[in-house]
Amino acid sequence: MEAATPAIELRALARHFGERTALRDVSVSVPAGATLAVLGRNGAGKSTLLRILGTLLRPHLGEVSVLGEPLPRRGFAVRGKIGFLAHEPLLYSDLTGRENLRYHAGLHRVDSARVEEVLEAVGMGARAEEPVRLLSRGMVQRLAVARAVLHRPRLLLLDEPRANLDPTASRLVEPLIGRSSGLTRVITSHDPGSALDEADLVLGLKDGRAAFVGPAEQFRGDALEELYR
């Protein structure tokens, strides 16, 4: 019986910006439905990796496969299957939350009923008619979560997904972007403890290289301390 195709497969991935190398010789395989935590200090290459997986950057060397499609050649085939929650909310500040989500629904050919569904799911139904620029950072983050899952993606790329969320909001978004969503997830976080608690696999990056690749339960103690030293 053939093994299932990994949701993500990286082989000797490299990416540079001019003379600066952001990623070098990074390899990892992520099964469908698993959660990969990408950890490391600022500048280690975490956000660059997410942008490559999200088809926003091209790799310079190596092989990248996402949801069975080679990147960047077949990027068009996976963009609609990826939910990307980045540092920037990717929302228009002068539009209301509802207007933003309706705009993204049009891009993904999603029914307007889904807009109302995700607004209620993140607890923003009552504030959906307010311009995004007037909302708190926590409310904007909730709308960003709603945008990321609006089109029912198969893969979530989550860069500090619970930033600015209070405990109540964190509980609201858990079914959408948490482990209980059942989706394949790649998470970056400045809080390695919380990321490890919900990860199956860990990719530890140090100066763009893979300092650790393996099960989350093995990435404790000395391995974790060495990564942030």
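Under the 4.0 Å criterion applied to side-chain N and carboxylate O atoms, R102 and E99 are not assigned as salt-bridge partners. The residues R171 and D166 are annotated as not salt-bridged, no charged nitrogen and carboxylate oxygen being separated by less than 4.0 angstrom. By the 4.0 Å N-to-carboxylate-O rule, K81 lies too far from E69 to be salt-bridged with it. The existence of a salt bridge linking E9 and R11 is confirmed by a sub-4.0 Å separation between a basic side-chain nitrogen and an acidic carboxylate oxygen.
Using a 3.5 Å distance cut-off with no hydrogens or angles, the side chains of S93 and R133 do not pair a donor with an acceptor. Using modelled atom types and a 3.5 Å distance limit, the side chains of S180 and E174 yield a donor-acceptor pair. Between the side chains of T55 and R79, at least one donor N or O lies within less than 3.5 Å of an accepting N or O. Side-chain contact of T96 with E130: a donor-acceptor pair under 3.5 Å is absent, judged by distance alone.
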| request: Run the numbers on L23 and I52 for side chain to side chain contact (heavy atoms under 4.5 Å, CB included), then give the verdict. | output: CA-CA 11 Å; L23 294 169; I52 290 172; 3.9 Å; yes

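Using cut-offs of 30° and 60° for the angle between ring planes, the H151 and H108 rings count as parallel.
By the 6.0 Å contact criterion, OH on Y228 is enclosed, its count of non-hydrogen atoms from other residues, nucleotides or ligands being greater than 12. Atom CD of E88 has 12 or fewer heavy atoms from other residues, nucleotides or ligands within 6.0 Å.
Side-chain N or O atoms of H60 include one that pairs as donor or acceptor with a backbone N or O of H16 at under 3.5 Å.
Listed here is the closest heavy atom pair of S170 and R162: OG-CD, 4.2 Å.
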